[in-house]
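When reading the values below, keep in mind they use all heavy atoms of this one structure, side chains included, and skip hydrogens, waters and symmetry mates.
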Number of protein chains: 2
Amino acid sequence: MRLQGTEPGLDALDAGILSALDRDARITMSELARLIGMSAPGVAERVRRLEAAGVLKGFSAEIEPRALGYAIRAMVRIRPLPGKLHLVEKLIDACPNIVECHKITGDDPFLAQLVVRDIEEMDGVLEALAEHAVTSTAVIKSQAVRRRLPPLR
Amino acid sequence: MRLQGTEPGLDALDAGILSALDRDARITMSELARLIGMSAPGVAERVRRLEAAGVLKGFSAEIEPRALGYAIRAMVRIRPLPGKLHLVEKLIDACPNIVECHKITGDDPFLAQLVVRDIEEMDGVLEALAEHAVTSTAVIKSQAVRRRLPPLR
DNA sequence: GTTGAAAATAGCACGAA
DNA sequence: TTCGTGCTATTTTCAAC
């Protein structure tokens, strides 16, 4: 196996495996084997190697927030007030409505994805942040590109 | 089962199921059954119902772009030039380095997540967009909050 | 939702290329 | 090394309750 971070390291079979697992992570190794034309132990071994190489970090469920009553999703840029960077980072982590947050370059250090049931709930979260940071909120209207993999080779 | 979008609709067992599947989507129904204290056919039935209700949209692999040689990740705000909205949307969809894109409110209609191997590749993507849109790029330095579920009840 | 039996699958050792 | 075959344990699925 090649070192992590060097390429390609992935042949067409690995690419097929990753692609299939991305479409349906609960597929059986047998079915996966049929799809790419290998034996089940063979693909299972490759999957283990991809995990060991750090390519496959895990498998997760795609859950639809709307179906849980979270009608609104928004991207929030967050700029902590002077001296409040660490405090704000803790606030962000402690806010259960923030389902993801990146530290980014530029004027606003954080870009968070917010999921709320209604405008009132959104306002509550933003108000709580407002004491220690300036926020810019953009409501998500739709997905132009649904989560997908980058080119695998 | 309650109508999609009405709450709660989820009891503690469903919440446990979703949480466990989010942590590891490839867990067996038997193991999941043990975790939440039910029989295997019982949990399997609940999982089917959560899928039918639109709560569980699917299961996907978490793939680490870095391990594939994509050293840089960035969030790009994209503002199409007048009359170029649809063209830009097509360009975005056709760009394999864009792994996700939201249509949002505000001055910049699109917020895309970009994954590239190096600065040169990033420049190439942004140059291609520059003909038809104004872009603002923020490189992702780290994840402050790793993808997680909102409160399930 | 549970139990129990049949079919499919996973995981292992071993041999071949 | 990496993959395939054949075995056993586990899991899935379906029936009946």
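The minimum heavy-atom distance between A/Asp22 and B/Ala61, with the atom names listed, is OD1-O, 3.6 Å.
Judged by distance alone, the side chain of B/Arg148 and the main-chain N or O of A/Ile98 form a donor-acceptor pair under 3.5 Å. Checking side-chain atoms of A/Arg73 against main-chain N and O of A/Gln113 turns up no donor-acceptor pair under 3.5 Å.
A straight line from CD1 of B/Ile27 to P of D/dT10 spans 17 Å, rounded to a whole angstrom. The distance between atom CE of A/Met38 and atom P of D/dT2, rounded to the nearest whole Å, is 11 Å. Whole-Å rounding puts the B/Met29 CE to D/dC14 P distance at 14 Å. Atom CZ of B/Arg34 is separated from atom C1' of C/dG1 by 18 Å (rounded to the nearest Å). Distance, B/Arg26 CZ to D/dT10 P: 19 Å, rounded to whole Å. When rounded to the nearest whole Å, the span between CD of A/Glu45 and P of C/dA10 equals 15 Å. Taking atom CZ of A/Arg48 as the reference point, atom P of C/dA10 lies 11 Å away to the nearest angstrom.
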Pairs under 3.5 Å (N/O, protein and nucleotides 5-8 of chain D):
none

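Here B/Arg49 reaches the OP1 or OP2 of C/dG1: one of its side-chain N or O atoms lies under 4.0 Å away.
Comparing atom distances between the A/Ser30 side chain and each of C/dA10, D/dT11, D/dC3 picks out C/dA10 as nearest.
Summarising the local packing, NZ of B/Lys141 is surrounded by more than 12 heavy atoms from other residues, nucleotides or ligands at distances under 6.0 Å.
The closest side-chain donor-acceptor pair between B/Arg34 and B/Ser30, if any, does not fall under 3.5 angstrom.
The residue B/Arg46 sits close only to the backbone: its heavy atoms come under 4.0 Å of sugar-phosphate atoms, none of a base.
Residue B/Val43 is grouped with residue B/Phe59 when hydrophobic side chains (ILVMFWY) are merged at heavy-atom distances under 4.5 angstrom, including chains of intermediate members.
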